[in-house]
Protein chains: 2
Amino acid sequence: MRPPTPPVALPGPRTLAADLSSVPPGTSVTLRGWVHRRRELAAVTFLVLRDRSGLAQVVVRAGDGQDVPPEETVVEVTGVATANAQAPGGIEVTAPTVAPLTDPARTPPVELWRPALDVALPTLLDHAAVAWRHPAQRARWEVAAASLRGFREVLDAQGFTEVHSPKIVASATESGANVFAVDYFGGPAFLAQSPQFYKQQLVGVFERVYEVGPVFRAEPHDTVRHLAEYVSLDVELGFVHDHRDVLRVLRDVLAGMVAGVHELAAGAVATQGFEVPVVPDEIPVIHFAEALALVGAPADEPDLAPEHERALGRWALAEHGSDFLAVEGFPMAKRPFYTHPQPDDARWSNSFDLLFRGLELVTGGQRLHRHADYVSAITARGEDPAAYATYLEAFEHGMPPHGGFAIGLERWTARLTGAANVREVTLFPRDLHRLVP
Amino acid sequence: MRPPTPPVALPGPRTLAADLSSVPPGTSVTLRGWVHRRRELAAVTFLVLRDRSGLAQVVVRAGDGQDVPPEETVVEVTGVATANAQAPGGIEVTAPTVAPLTDPARTPPVELWRPALDVALPTLLDHAAVAWRHPAQRARWEVAAASLRGFREVLDAQGFTEVHSPKIVASATESGANVFAVDYFGGPAFLAQSPQFYKQQLVGVFERVYEVGPVFRAEPHDTVRHLAEYVSLDVELGFVHDHRDVLRVLRDVLAGMVAGVHELAAGAVATQGFEVPVVPDEIPVIHFAEALALVGAPADEPDLAPEHERALGRWALAEHGSDFLAVEGFPMAKRPFYTHPQPDDARWSNSFDLLFRGLELVTGGQRLHRHADYVSAITARGEDPAAYATYLEAFEHGMPPHGGFAIGLERWTARLTGAANVREVTLFPRDLHRLVP
């Protein structure tokens, strides 16, 4: 191969753009980042430099003898911190030396320097690695990352243990449909649709567990809220009385995610105007049967349609001032076999969906915990308990009453940032039609 | 289905086993957990209760009129905290009421109450969900979970952003071999062998990124250190001078993982006698060419054999008092195309392996960052750059000098806990012969 470029010397300390405002005027500073915007006027060129912390303004005068390379070129700028009330943070850099750290960049496929990233969704997704550089786009992921930290902090503080369960599994037993098949050393295997079975088994070990990881659904629907692969925030805990205890933990988790956003993505929230929800001390709960009546649906509807969810979201906001609403008691017939029935009426279940601004964000509930109940439930669905042997072993050897939930990261982020489509908040989305980039 | 068991009332506060020692004697307490051991003597039965925090001793006298259910049954015990110097923590529970929370448990396939879990590996793995309940086994995962928290804490503090990249990918381009094929809506796809390409592209967005997630290798070797699916701790950062900057971040990360173990898994370390390493302020570095000479290998060997790694581990301990040794400068011919060559001699690379007690734990290094260098490197290997189009787009539009590394969680945990086989520290391992449980 051709000899590579000699390595670039990156000596000395670096000032991040966000820290420039606290540098005393007159100080020499070194910035490193991307040429976000090059604006050439008659006697002066404005170079807006972008780094991981934000933007900084560099003023290049003709007398400085410096070329400003094209936008997105990576540069090192050394100059003098100079007060200017018009500059971001009140400080700009003057009398600079502008040293490119790489070749001049090609013009990006999307105009990253414009305040709004106004491109069609396919363009955004086709050029994801570059489009995510746009501050408005990047802000969305900052919310996602901050939420993840908040999620873990709450659970760590409540005695939960992080676990990692396998994504290649032997059978498609949880739902049967919508699974991806894998060639596993010449034999059949599948991609896990959820860590459900594993997190339950691990309640037998750690009592309280969580996992953040990918789940896979061969989702044949091309909608704004479905992905073939997404990040699931899974929680499961033992020694609950019923699903209401699970819901209480979910409330704390959501409050922690919101706190994480306020603490770690405050800049993103402020610049983009994201409407961060307030999590009430108690999330309002409505029974499925009442919810149907409220939205005027027939009493024998087995599920909530998207328009029902939206109506319930409006109701929760009007009635309880809450962006969140838990609908409990979903019909057993529509829930997985491991769902715990409602004790006083086995048509209904001790499970819930959590709506966030009228969109299903979380599914959770109490699970069966007696081995005999599993055998009955599986048999009643016309399946053979032997197919679930390794899962059921945990229940033969003592499992406490337990339950849990799963939050879809992309739905959470989309709803919080006002994105119309979960694809806009997914770094590299996968769906029926998209496998690249 | 048959009517389920009425839900168990779990009223009132619960005392964890580990907190019993701080309860004033004479206080009424409620414990919940598993019957870890039932030892029946003539006039008294000792019930050792296990919960997520540890073990507690319950003394059941004949006059208490209580049946103690078999081991692993989940129970609620209410009784009186009573001083006894022989009990764990100096407090036991007497005059108990023992209420089973589920049916009597079947005898477990492994004897969980014995101090050591002395079973053959296949038994351990076949009955993983139950075997992980053994305190000695559980302690291993506590080390893993504590390490994960330490890993993230260090990176969060250093301005890194957590990312999640797709695990279903369009091509097997990174190495070609050892990939799992997926049926993706009727078309071909593969499971990602690493987040390498994505984490590099995201350096263009966030400068510093990390990801904890599964990676997949259709590993045809049946060894004690290979898995078909494992948890990779991936880090990538921009604006480095060379791989030595990457190694410095790796040092901090390892120090954080060790701190996490001391802080969060102290009980596991103490009871199991795990030898937690000390991370030196600077990890000793040896060049690949010197390393070959040191172990007496021919100068044209392209890689280090396991016995070489072990010899180098012994040397690092003897010479530098270090459990860690970085071997830098691996031959370019054996490294992936994105590897940055050593500037003064392009036979070698700016990459390294980190050995932990004589076992390769981490691979890392500096990557190419110029688009032209990528085109050359890919072409030189007889491949078509067009096959890497979406990856290379990030480099056309400005990428800083950067590098990163990946730590295998299972190797780290195995080495730290003294496990001979990575399968012993993996919750539900996957390999050539194992797809269940």
Side-chain angles (χ1 to χ4, degrees), chain A residues 1-2 4-8 10 32 34 52 72-74 101-103 105-106 108 129-130 132-133 145 148 161-162 164 166-168 170 180-183 185 189 201 205-207 214 229 231 239 241-242 341 343 369-370 373 376-377 380 390 394 396-398 400-401 428 430 432 435-437, chain B residues 1-2 4-8 10 32 34 52 72-74 101-103 105-106 108 129-130 132-133 145 148 161-162 164 166-168 170 180-183 185 189 201 205-207 214 229 231 239 241-242 341 343 369-370 373 376-377 380 390 394 396-398 400-401 428 430 432 435-437:
Chain A
M1 62 178 286
R2 51 177 272 193
T5 322
V8 183
L10 295 174
R32 297 191 187 107
W34 287 258
R52 71 174 187 267
E72 292 311 302
T73 306
V74 180
L101 297 181
T102 184
D103 300 325
R106 254 188 79 191
V130 176
W132 275 106
R133 298 181 186 183
L148 288 171
T161 299
E162 177 176 356
H164 286 271
K167 304 310 163 202
I168 308 179
F180 289 111
V182 178
D183 175 354
F185 299 112
Q201 292 174 64
V205 180
F206 303 105
E207 291 187 21
E229 177 179 349
V231 177
F239 299 101
H241 176 246
D242 61 20
H369 59 276
R370 294 178 62 223
D373 290 341
S376 302
T390 65
E396 285 187 293
H397 302 294
F428 300 96
R430 295 288 180 264
L432 187 55
L435 185 55
V436 288
Chain B
M1 63 178 285
R2 51 177 271 191
T5 319
V8 182
L10 295 174
R32 296 188 189 108
W34 287 258
R52 72 173 186 268
E72 292 311 304
T73 306
V74 179
L101 297 181
T102 184
D103 301 324
R106 253 187 81 191
V130 177
W132 276 107
R133 298 182 186 183
L148 289 172
T161 299
E162 177 175 356
H164 285 271
K167 304 309 163 201
I168 307 180
F180 289 110
V182 178
D183 175 355
F185 298 111
Q201 293 174 63
V205 179
F206 303 104
E207 290 188 23
E229 176 179 349
V231 178
F239 299 101
H241 175 246
D242 62 19
H369 59 277
R370 294 179 62 224
D373 290 342
S376 302
T390 64
E396 285 187 294
H397 302 294
F428 299 96
R430 295 289 179 261
L432 187 54
L435 183 57
V436 287

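Here is how names work: the chains are called A, B, and so on, in the same order as the sequence lines, proteins then strands, and each is numbered from 1.
Across A/Asp183, A/Leu435, A/Val74, the residue that shares the most heavy-atom pairs under 4.5 angstrom with chain B is A/Leu435. Residue with the most contacts toward chain B among A/Glu396, A/Glu72, A/Arg133: A/Arg133 (heavy-atom pairs, distance under 4.5 Å). Ranked by non-hydrogen atom pairs under 4.5 Å with chain A, the options B/Lys167, B/Gln201, B/Glu229 are led by B/Glu229.
Interatomic distance, A/Arg430 CZ to B/Ile168 CD1, rounded to the nearest 0.5 Å: 7.5 Å. In this structure, CZ on B/Phe239 lies 9.0 Å from CZ on A/Arg52, to the nearest 0.5 angstrom. Put simply, CG on B/Asp103 and CG on A/Asp373 are 8.0 Å apart, with the number rounded to the nearest 0.5 Å. With rounding to the nearest 0.5 Å, the separation of CZ in A/Arg32 from CD in B/Glu207 is 10.0 Å.
Between B/His397 and A/Val130, the closest heavy-atom pair is CD2-CG2, 3.8 Å. When all heavy atoms are compared, the tightest approach of B/Ala129 to A/Val205 is O-CG2, 3.5 Å. Closest of all the heavy-atom pairs between A/Ala105 and B/Gly398 is CB-N, 3.9 Å. Heavy-atom minimum distance, B/Glu162 versus A/Ala145: O-CB, 3.9 Å.
Contact annotation for B/Val182: both backbone and side-chain heavy atoms come within less than 4.5 Å of a heavy atom of chain A. Interface remark: A/Pro166 contributes backbone and side-chain atoms alike to the contact with chain B (heavy atom separation under 4.5 Å). Residue A/Trp34 touches chain B through its side chain alone, counting heavy-atom pairs closer than 4.5 Å. Looking at A/Val436, the atoms closer than 4.5 Å to chain B (heavy atoms on both sides) all sit in the side chain, from C-beta outward.
Within the 4.5 Å cutoff, the side chain of B/Leu148 has heavy atoms near those of the A/His164 side chain.
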